Each structure stands twice: as C-alpha cells, then as structure tokens.
A.B. asks: 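For reference, the structure I am asking about is given below.
Keep in mind that the numbers below use all heavy atoms, side chains included, and drop hydrogens, waters and symmetry copies. Every value quoted in this text rests on a predicted model; they were computed, and no experiment measured them. Below, read A as the first sequence line, B as the second, and so on, with proteins coming before strands; counting in each chain starts at 1.
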Protein chains: 2
Amino acid sequence: MTDASWDRSRCSVAGTLAVVGEKWSLLVLREAFLGVRRFADLQRNLGAPKAVLTDRLATLVEQGILRREPYQADGERRRHEYRLTPKGVDLHPTLVALMQWGDKHLAEDVAPLALEHRDCGAPVRLELRCDAGHQVSGAREVRPVPRAIPVSPG
Amino acid sequence: MTDASWDRSRCSVAGTLAVVGEKWSLLVLREAFLGVRRFADLQRNLGAPKAVLTDRLATLVEQGILRREPYQADGERRRHEYRLTPKGVDLHPTLVALMQWGDKHLAEDVAPLALEHRDCGAPVRLELRCDAGHQVSGAREVRPVPRAIPVSPG
DNA sequence: CCTCCTGGGTTCGTAAAGCGAACCTTGCTC
DNA sequence: GAGCAAGGTTCGCTTTACGAACCCAGGAGG
C-alpha cells in the first residue's frame, strides 16, 4: 500500500498525457521536430484525417506547444504554419525516449532514424543522471518520493 | 521537403505509440513503476473502467511489457499480479520524460513526485548526451538522420 | 450448508472520438 | 473567369471509452 499513498490526480505524467496523449498529438510533434510546419505536409506525412489534424493542431496551439505563424511563399497566398514554442521544444526528450524504446524493441533491422550531435556527429541518447553527477543505470536505482498531500499518517 | 524524405511507416515513435499510446497504457505503467501490481489497486488508483483496464493489461502482457504472475496472499485465494518485464522497465525514461515536462509546465506549486538516486539521494533527471561524452543542451543541437529507404535521388 | 465478501473479471447500452469522403473558401495563375 | 491548391469544415459511419450491472471463485462466518 505504501507506494499508492499520494495524490494521483495531480500527477505530472497524467497531466502531460492529458495535453499530448491523444492520438496523433505526439506524431504531429515528431513532424514538428523534423521541421515540418505546414498543414498539408503534416497531413501527407501522417495520414491522419484532416478533421483530427485540425483539432490536434488547435489543441497544441491552445496549450502553447505550437504557435501559428503567418508566412508567404513566392507567388502564393498568405498562409500560416505551425512552429514549436519553447514549451513544445521541451517535449523533445519525450519523443527521443519513445524513439529509443522503439529502436530497441521494435526495429526489425536497423533504427530508421538516427540522432546525432550537430557539433561532433556522434550518436545521441538519453541518460538518467543525478545532481551529484552519477549516471543512473536503471529504474531500480531511482526512488520515487511523493511530495504532496500525503495520506494522514497513523 | 528534405526533412520529409524518409519512411514514416516504420518510425519508432509511431511504433512505440502503437504499443503503449492508447489511453491508460502509460498510466498503468506509471503505477507499475510505483510498485502497484494488483488489478484492484490499479483500478482504484487510476479510476479507469475495468473493461478498459482489463484490455490494456492484456495488451501489455501480449506485448511483453508486463507479465502475469501468480501469487498467494495469506488465507486468500490464488490470484495473479502484473509485473514489469525488462522490456517494460525500458519504458522508464519515457515516463520520466513525460513527468519532467509536466513538472515544468503544469505543476502549480511543486512537483508532486520527486525522483531521487537511491544511492545518494540526489534528484534525478533525464539528459541528452552524445557518445563523445558531450552534454547536448537542446533539441536544436540534435540532427535527425534518416537511415532507411531514402526516396530515390533525382 | 448457506450466505456474504472480495478480487478479478465480462457484458451491456450509451457517449465520445476517430475515420474517409465530400464540400467550402480564399486567393493565386492562366 | 476557370482551374487549382492550401487549409479547413461537415457529414455519416465505425471504433473506442465509459460506468453500471452482472458473474464467478473461494475463503470467512454463522
């Protein structure tokens, strides 16, 4: 029972999923990180229904994860594109985490997309570290500590 | 157009989301990482409908993320509990990433759950690093490099 | 023995979300 | 002024989520 004694209703995992946990949301953000910004390109790359995509984009804009910016291509009408805000950029590790898991457990041959450090070209990966500088090798080395509104102690 | 030129259908992000992207799946895993293993506890903590929970658990077991293990409590009937497999444990960074984002962007006062290094008690966080040992400060320092089946070059 | 209780489900009917196809609108080119 | 394309909206259908009710096994208690 010990580990159940904190208030799930304000859990950050749940909160984040409430914002980006719907179908397509994270895939839209994947595209955003790949530099895709226009509705039609998103729609083509994702294969999502337009209505759903419209709705997801609106939600992400509303949440401050994307922003809608006007742009003007040569000899074309004024349109707008969707770009990541800093708040959206902060979701990068989440996507990397999902990608790394898929690369390890789903890839049939080789990972379809590599991430490399722009400065040195070396492959990039996510790591857990503590503030004392130790690398944390796995989940078992991490202790979750509830902070808010503990169940009234006996 | 450059960044759109690889095969999304085998994207690891999409693949991972296909496995754990449904509603409740990641929250079930959150509970698993907190040590919750029994159906009734999961149901109580999550507030998910039983039918959905049953279905998610079955999917996660099928996918090799959880395993169903028999156990026997004192003076009770033989039941089974759900435990993370190594494949499931590998989803830890994903949950940490979601949590960190929520802690930063949704928390009203203080993060409801802290993670600390079991050995030294220091707070733990996710970091991007390259194999050359550099810390990668943000998404902009990462270059995505498609590897599979590029569009036939002109 | 019969009933209650509890964990772990299944079965329902309804409400919401996702879906593809069709349609609309704006403003460009021809 | 016809055609086209981006970026949507609308529509009807299918799938999924939902909560409430029910079921089943087995130990406890009378």
A.B. asks: So which one's nearest nucleotide on DNA chain D is more toward 5', A:Asp55 or B:Arg56?
C.D. replies: A:Asp55
A.B. asks: B:Val52 has a side chain; which of D:dT9, C:dG9, D:dC18 sits nearest to it?
C.D. replies: D:dC18
A.B. asks: So how far is it from B:Arg38 CZ to B:Arg79 CZ, rounded to the nearest 0.5 Å?
C.D. replies: 8.0 Å
A.B. asks: Which atom pair, heavy atoms only, marks the closest approach of B:Trp24 to B:Val52?
C.D. replies: CD1-CG1, 3.5 Å
A.B. asks: For the side chain of B:Phe39, starting at C-beta, report the closest nucleotide among D:dA17, D:dG8, C:dG9.
C.D. replies: C:dG9
A.B. asks: With a cut-off of less than 4.0 Å, is there a side-chain N or O of B:Arg44 near OP1 or OP2 of C:dG8?
C.D. replies: no
A.B. asks: Expressed as a whole number of angstroms, how long is the span from B:Leu46:CG to D:dG19:C1'?
C.D. replies: 16 Å
A.B. asks: In whole angstroms, how far is the P atom of D:dT16 from the CG atom of B:Leu53?
C.D. replies: 17 Å
A.B. asks: Determine: side-chain N/O of B:Arg68 to OP1/OP2 of C:dG9, distance under 4.0 Å, yes or no.
C.D. replies: yes
A.B. asks: Look at A:Tyr82 and D:dG8 and indicate whether a side-chain polar atom (N or O) is within less than 4.0 Å of OP1 or OP2.
C.D. replies: yes
A.B. asks: Tell me if the centroids of the rings in B:His80 and B:Tyr71 come within less than 6.0 Å of each other.
C.D. replies: no
A.B. asks: Starting from P on D:dG7, measure out to CG on A:Leu66 and report it in whole angstrom.
C.D. replies: 14 Å
A.B. asks: Quick one: B:Arg78 CZ to D:dG26 P, roughly how many Å, whole number?
C.D. replies: 11 Å
A.B. asks: In whole Å, I'd like the distance from the CG atom of B:Leu42 to the C1' atom of C:dG8.
C.D. replies: 11 Å
A.B. asks: Regarding C:dG18, can its base be found pairing with the side chain of A:Lys23 as donor and acceptor, where the two atoms are less than 3.5 Å apart?
C.D. replies: no
A.B. asks: Would you mind reading off the distance between B:Glu81 atom CD and C:dG9 atom C1', rounded to a whole angstrom?
C.D. replies: 17 Å
A.B. asks: Distance check needed: D:dG8 C1' versus A:Arg38 CZ, whole Å only.
C.D. replies: 16 Å
A.B. asks: Is any side-chain N or O of B:His80 closer than 4.0 Å to OP1 or OP2 of C:dG7?
C.D. replies: no
A.B. asks: With a 4.0 Å cutoff (strictly under), does any side-chain N or O of A:Arg79 reach OP1 or OP2 of C:dG27?
C.D. replies: no
A.B. asks: Would you say B:Gln43's side chain and B:Pro49's backbone share a donor-acceptor pair under 3.5 angstrom?
C.D. replies: no
A.B. asks: Just checking B:Ala51: base, sugar-phosphate only, or nothing, at a heavy-atom cut-off of under 4.0 Å?
C.D. replies: base
A.B. asks: For B:Tyr71 and C:dG7, is the shortest distance between a side-chain N/O and OP1 or OP2 below 4.0 Å?
C.D. replies: no
A.B. asks: Nearest whole angstrom, please: distance from the P of D:dC23 to the NZ of B:Lys50.
C.D. replies: 13 Å
A.B. asks: Assess whether salt bridge (charged side-chain N to carboxylate O under 4.0 Å, His left out) is satisfied between A:Arg125 and A:Glu127, documenting all intermediate values.
C.D. replies: CA-CA 7 Å; A:Arg125 64 208 138 59; A:Glu127 264 181 21; 2.7 Å; yes
A.B. asks: Is A:Trp24 close enough to C:dA17 that one of its side-chain N or O atoms is under 4.0 Å from OP1 or OP2 there?
C.D. replies: no
